[in-house]
There are 2 protein chains.
Amino acid sequence: MSDPLALLPGYALRRASNAMMGRLAKALSVADLGIAEATVLMSIGERRDLKSSDLGRILDIRRANMVPLLKRLEDKGLIDRIPIDGKSRALVLTPPGKAVLREVLRITSQFEADLLARIPDEHRAHLLPALNCLWGEGTTE
Amino acid sequence: MSDPLALLPGYALRRASNAMMGRLAKALSVADLGIAEATVLMSIGERRDLKSSDLGRILDIRRANMVPLLKRLEDKGLIDRIPIDGKSRALVLTPPGKAVLREVLRITSQFEADLLARIPDEHRAHLLPALNCLWGEGTTE
DNA sequence: TATTGTTATACTCTATAACTATA
DNA sequence: TATAGTTATAGAGTATAACAATA
C-alpha cells in the first residue's frame with residue numbers, strides 16, 4: 001500500500017501542495033476565508049492603487065474568475081472599490097478588512113513556520129529558491 | 001507589479017504546483033487525460049489486486065470522489081474491474097489502457113525532466129526530500 | 001484597437017451525508 | 001461493526017467565449 005510515485009518530483013510537488021493547502025484552508029476557515037480570498041487581502045494590504053486586472057495578473061487569476069472572488073470579499077464588507085476612471089476602480093481594504101488582514105497574517109505566519117519546521121535543516125534553505133524557479137516568467141505560458 | 005508574497009514558502013509551493021500542474025495538464029491533454037486520471041493509470045500499472053478504496057487511500061482521494069474518476073476511465077475503455085468478492089473488485093488496465101499508460105509514462109518522464117531542469121544544480125537534489133516531508137503521515141490528518 | 005469589467009457556462013477537484021450490501 | 005461502493009449534492013478553482021464600455 002506504499003506509493004511508488006513518491007519518487008517523482010512533480011507528483012511530490014502536487015501532493016505536498018495539496019496537503020499543505022488543506023492545512024492552510026483549515027486554519028483560515030476560522031476567519032471564514034478561503035486561500036484565494038486571504039491572498040487577495042494580503043496583496044491589497046495598504047495599497048490604494050490596485051485594479052482587479054492588476055491583481056489578476058499578479059496572482060495568475062483570470063479576469064473572469066476575479067469577479068466572484070472579489071464579490072465574496074465585498075459582500076463580507078472586507079474590501080471596497082474606489083473609482084480611478086470611468087473604466088477602473090482601485091481595490092482597498094475597509095476597516096473590518098484591515099482587522100481581518102491582521103488575523104490572516106497571524107494565521108499565515110504560523111502556517112509558514114509549521115511548514116518550514118517539517119523540513120530537515122539541510123534541505124530547508126533550498127526549498128524557497130527551488131520553488132521560485134518553477135513559476136514566474138514563462139512557466140504559465 | 002511584483003509579488004511580495006513570493007517570500008512565503010507556502011505561497012511559492014502553491015504557485016509552483018499550480019504552474020507545473022498547468023503544464024502537465026496541457027501535456028496530458030493530447031492523450032485526453034486529466035492529471036488524476038493519469039495518476040490512476042500509473043498506480044494500477046501491472047497490478048491486478050488494487051481496489052478502489054485502496055487506491056483512494058494511496059492517492060488521498062475520498063471514496064465518493066473515486067466513483068466519477070474511475071467511471072471516466074472505464075467509459076474510455078482504459079480500465080476494467082474484476083470481482084474479488086461480493087463487495088470488492090480489482091482495478092486492472094485493459095489492453096488499450098496499457099497502451100495509454102505507455103504514452104502517459106512518456107509524457108510524465110518528459111515533464112519531470114523539464115521540471116528538474118528549471119532548478120539550479122545546487123538546489124536540485126534537495127527538492128524531492130523536502131517536498132516528501134510535507135505530505136506523508138499526519139499531514140492530511 | 002487594446003484594455004477593463006462583466007456574464008454565462010462548464011469541467012475538475014474536493015467535501016459531506018446518507019444509503020445499500022458485504023466482510 | 002467495519003468496510004466497500006455508490007448516489008446526491010455543494011462549493012471552490014479554473015477555463016473559454018462573448019459582450020459592453022472606456023482608454
Side-chain angles (χ1 to χ4, degrees), chain A residues 1 11 14-15 17-26 28-29 32-40 49-76 79 81-91 135 139-141, chain B residues 1 11 14-15 17-26 28-29 31-40 49-76 79-91 135 139-141:
Chain A
M1 196 102 74
Y11 179 76
R14 176 162 160 263
R15 290 296 300 263
S17 180
N18 288 349
M20 296 309 295
M21 291 308 115
R23 296 182 75 83
L24 179 57
K26 195 170 184 177
L28 286 170
S29 69
D32 192 32
L33 288 175
I35 294 175
E37 291 172 8
T39 307
V40 166
D49 61 345
L50 208 55
K51 294 182 292 182
S52 169
S53 49
D54 292 334
L55 191 50
R57 270 187 290 272
I58 291 172
L59 300 179
D60 196 27
I61 300 175
R62 293 186 142 59
R63 277 200 316 280
N65 296 330
M66 293 299 297
V67 176
L69 175 55
L70 295 177
K71 186 175 183 335
R72 285 199 299 275
L73 291 171
E74 201 171 16
D75 289 347
K76 290 176 185 173
I79 66 170
R81 307 183 170 185
I82 299 177
I84 294 180
D85 54 37
K87 184 160 75 168
S88 304
R89 288 168 293 170
L91 302 168
W135 56 290
T139 49
T140 310
E141 183 187 335
Chain B
M1 198 101 74
Y11 179 75
R14 175 162 160 266
R15 290 297 300 264
S17 180
N18 289 349
M20 296 310 295
M21 290 309 115
R23 296 183 74 85
L24 179 57
K26 194 170 183 177
L28 286 169
S29 69
D32 193 32
L33 288 175
I35 293 175
E37 292 172 8
T39 307
V40 166
D49 61 345
L50 206 55
K51 294 182 292 183
S52 169
S53 48
D54 292 333
L55 190 50
R57 272 187 289 274
I58 292 172
L59 300 179
D60 194 28
I61 299 174
R62 295 187 139 60
R63 277 202 314 282
N65 296 329
M66 294 298 298
V67 177
L69 175 55
L70 295 177
K71 185 174 185 330
R72 284 198 299 274
L73 290 171
E74 200 170 17
D75 289 347
K76 291 175 185 173
I79 66 170
D80 205 354
R81 306 182 169 186
I82 300 176
I84 295 178
D85 55 35
K87 186 160 71 167
S88 304
R89 288 168 293 170
L91 302 168
W135 58 287
T139 49
T140 309
E141 184 187 332

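Numbered from 1 within each chain, the chains take letters A, B, ... in sequence-line order. Quick note: numbers below take in every heavy atom, side chains included, and nothing from hydrogens, waters or symmetry partners. It should be emphasised that the depicted structure is a prediction, and the values quoted were computed from it without experimental measurement.
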- Item | Backbone N/O of B:I84 and side chain of B:S88: donor-acceptor pair under 3.5 Å |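 Here the side-chain-to-backbone pair does not exist.
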- Query: Considering all heavy atoms of both residues, which atom of B:Y11 and which atom of A:T39 are nearest to each other, and what is their separation?
  - Reply: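 It is CE1-CG2, 3.8 Å.
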Any side-chain N or O of [X] less than 4.0 Å from the OP1 or OP2 oxygen of [N]?
{"X": "A:R62", "N": "C:dG5", "result": "no"}
{"X": "B:R89", "N": "D:dT6", "result": "yes"}
{"X": "B:N18", "N": "D:dT14", "result": "yes"}

What is the distance from [atom1] of [X] to [atom2] of [N], rounded to the nearest Å?
{"X": "B:I58", "N": "D:dA4", "atom1": "CD1", "atom2": "C1'", "result": "16 Å"}
{"X": "A:M21", "N": "D:dA12", "atom1": "CE", "atom2": "P", "result": "17 Å"}
{"X": "A:L55", "N": "C:dT4", "atom1": "CG", "atom2": "C1'", "result": "14 Å"}
{"X": "B:L33", "N": "C:dT12", "atom1": "CG", "atom2": "P", "result": "11 Å"}
{"X": "A:N65", "N": "C:dT6", "atom1": "CG", "atom2": "C1'", "result": "12 Å"}
{"X": "A:I35", "N": "D:dG13", "atom1": "CD1", "atom2": "P", "result": "8 Å"}
{"X": "A:K71", "N": "D:dA12", "atom1": "NZ", "atom2": "C1'", "result": "16 Å"}
{"X": "B:L28", "N": "C:dC13", "atom1": "CG", "atom2": "C1'", "result": "16 Å"}

- Which part of the nucleic acid does B:A36 contact within heavy-atom distance under 4.0 Å: base, sugar-phosphate only, or nothing?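 Sugar-phosphate contact only.
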- Message: Once you apply a heavy-atom cut-off of 4.0 Å, does B:R14 come out as touching a base, just sugar-phosphate, or nothing?
- Response: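 No contact at all - B:R14 keeps every heavy atom at 4.0 Å or more from the nucleic acid.
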Among [options], which nucleotide has an atom closest to any side-chain atom of [X]?
{"X": "B:S53", "options": "D:dT14, D:dA4, C:dA17", "result": "D:dA4"}
{"X": "A:R72", "options": "C:dT6, D:dA15, D:dG13", "result": "D:dG13"}
{"X": "A:A64", "options": "C:dG5, D:dA4, D:dA17", "result": "D:dA17"}
{"X": "A:R63", "options": "D:dA18, C:dA18, D:dA8", "result": "D:dA18"}
{"X": "B:I61", "options": "C:dT14, D:dT6, C:dT4", "result": "C:dT14"}
{"X": "B:D85", "options": "D:dA12, C:dA23, C:dT12", "result": "C:dA23"}
{"X": "A:K87", "options": "D:dT7, D:dG5, D:dT22", "result": "D:dT22"}
{"X": "A:K51", "options": "D:dA4, C:dT4, D:dT6", "result": "C:dT4"}

- Under-4.0 Å salt bridge between B:R72 and B:D75: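 Answer for the salt bridge query: no.
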- Do A:K51 and A:L91 come close enough that some side-chain heavy atom pair is under 4.5 Å?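 No. Closest side-chain heavy atoms not under 4.5 Å.
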- Message: So B:R14 and A:M20, do their side chains get closer than 4.5 Å, heavy atoms only?
- Response: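 Side-chain contact under 4.5 Å: no.
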- A:G22 or A:A90, whichever maps to the more 5' nucleotide of DNA chain C: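 Nearest-nucleotide comparison on DNA chain C picks A:A90.
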- Comparing A:P68 and A:G86 on DNA chain D - which has the more 5′ nearest nucleotide: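 With A:P68 and A:G86 compared, the 5'-side residue is A:P68.
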- Task: Rounded to the nearest 0.5 Å, what's the gap from CG on B:L59 to CE on B:M66? Could you check?
- Result: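 Reported to 0.5 Å precision, the distance equals 6.5 Å.
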